[in-house]
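Accompanying notes for the structure given below.
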Amino acid sequence: ATNSKQHIPYRDSKLTKLLKHALGGNSVTAMIACCNPLDPYVEETVSTLLYASRARNITNDPRVNENPQSALIRQLREEISSLKMELEYYRQLVATGVVDDGLA
């Protein structure tokens, strides 16, 4: 898949219009094609399989919708947590005497 945005032509059907956001939007989608093996339904089955084949070729890059400020706050909280763990590790090293605290 390429990183450039491509226009995905949608068929003028009610199903496609209902699934428009799921097929080309920011989501993960599973599609099940129901086929009927009886002769009177061959045309409908072929149409369904062709549609499913085209839909299978659609690729999405789903991401969590996140406000940029919320993302920054989340990243900073993760960094603070990491730094606290690192500080506690070094405090334990100083307390056990493995590392000199450099204050003497």
Side-chain angles (χ1 to χ4, degrees):
T2 62
N3 289 340
S4 64
K5 298 285 183 188
Q6 294 180 348
H7 173 69
I8 301 170
Y10 291 102
R11 195 166 69 163
D12 289 332
S13 71
K14 292 179 184 178
L15 176 63
T16 303
K17 288 180 182 181
L18 287 172
L19 296 175
K20 184 176 179 179
H21 296 292
L23 293 175
N26 188 15
S27 61
V28 177
T29 306
M31 178 174 283
I32 299 172
C34 298
C35 301
N36 193 330
L38 298 178
D39 285 342
Y41 302 105
V42 168
E43 199 172 306
E44 185 178 333
T45 297
V46 169
S47 174
T48 300
L49 291 174
L50 289 173
Y51 179 77
S53 177
R54 285 193 305 269
R56 181 187 64 204
N57 294 328
I58 297 170
T59 57
N60 290 344
D61 185 21
R63 292 184 206 116
V64 175
N65 293 333
E66 191 173 27
N67 179 329
Q69 288 178 334
S70 298
L72 178 61
I73 290 170
R74 181 185 48 76
Q75 289 172 348
L76 291 173
R77 285 184 176 159
E78 289 173 0
E79 186 175 355
I80 288 169
S81 176
S82 173
L83 291 171
K84 282 181 179 180
M85 287 177 19
E86 185 179 350
L87 179 60
E88 183 59 34
Y89 171 75
Y90 285 115
R91 283 183 177 163
Q92 288 177 0
L93 287 178
V94 170
T96 58
V98 174
V99 175
D100 184 21
D101 62 3
L103 297 176

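What you see below is based on every heavy atom in this structure, not just the backbone, and it leaves out hydrogens, waters and symmetry mates.
Enclosure of atom CG in Asp39 is not indicated, since only 12 or fewer non-hydrogen atoms of other residues, nucleotides or ligands lie within 6.0 angstrom. By the 6.0 Å contact criterion, CD on Glu43 is open, its count of non-hydrogen atoms from other residues, nucleotides or ligands being 12 or less.
Side-chain heavy-atom separations under 4.5 angstrom define the hydrophobic clusters, and the remaining members of the one that includes Leu50 are Val42, Val46. When hydrophobic residues (I, L, V, M, F, W, Y) are linked wherever their side-chain heavy atoms come within less than 4.5 Å, the members clustered with Leu38 are Tyr41. Leu72 belongs to a hydrophobic cluster with Leu76, counting contacts under 4.5 Å between side-chain heavy atoms of Ile, Leu, Val, Met, Phe, Trp and Tyr, direct or through other members.
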Sequence neighbours excluded and cut-off under 3.5 Å, please list the side-chain donor-acceptor pairs for residues 82-97, or say none.
from  : atom 1 : to    : atom 2 : distance (Å)
Thr96 : OG1    : Gln92 : O      : 3.1
Thr96 : OG1    : Leu93 : O      : 3.1

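For Ala71, the side chain to side chain contact (heavy atoms under 4.5 Å, CB included) test picks out Glu66, Arg74, with sequence neighbours left out.
Rounding to the nearest 0.5 Å gives a distance of 10.5 Å between CD of Glu44 and CG of Leu49.
Of all the heavy atoms in Thr48 and Cys34, the pair that sits closest is CG2-O, 3.8 Å. Taking both residues in full, the closest heavy atoms of Thr45 and Asn36 are given as OG1-O, 3.1 Å, listed atom of the first, atom of the second, then distance.
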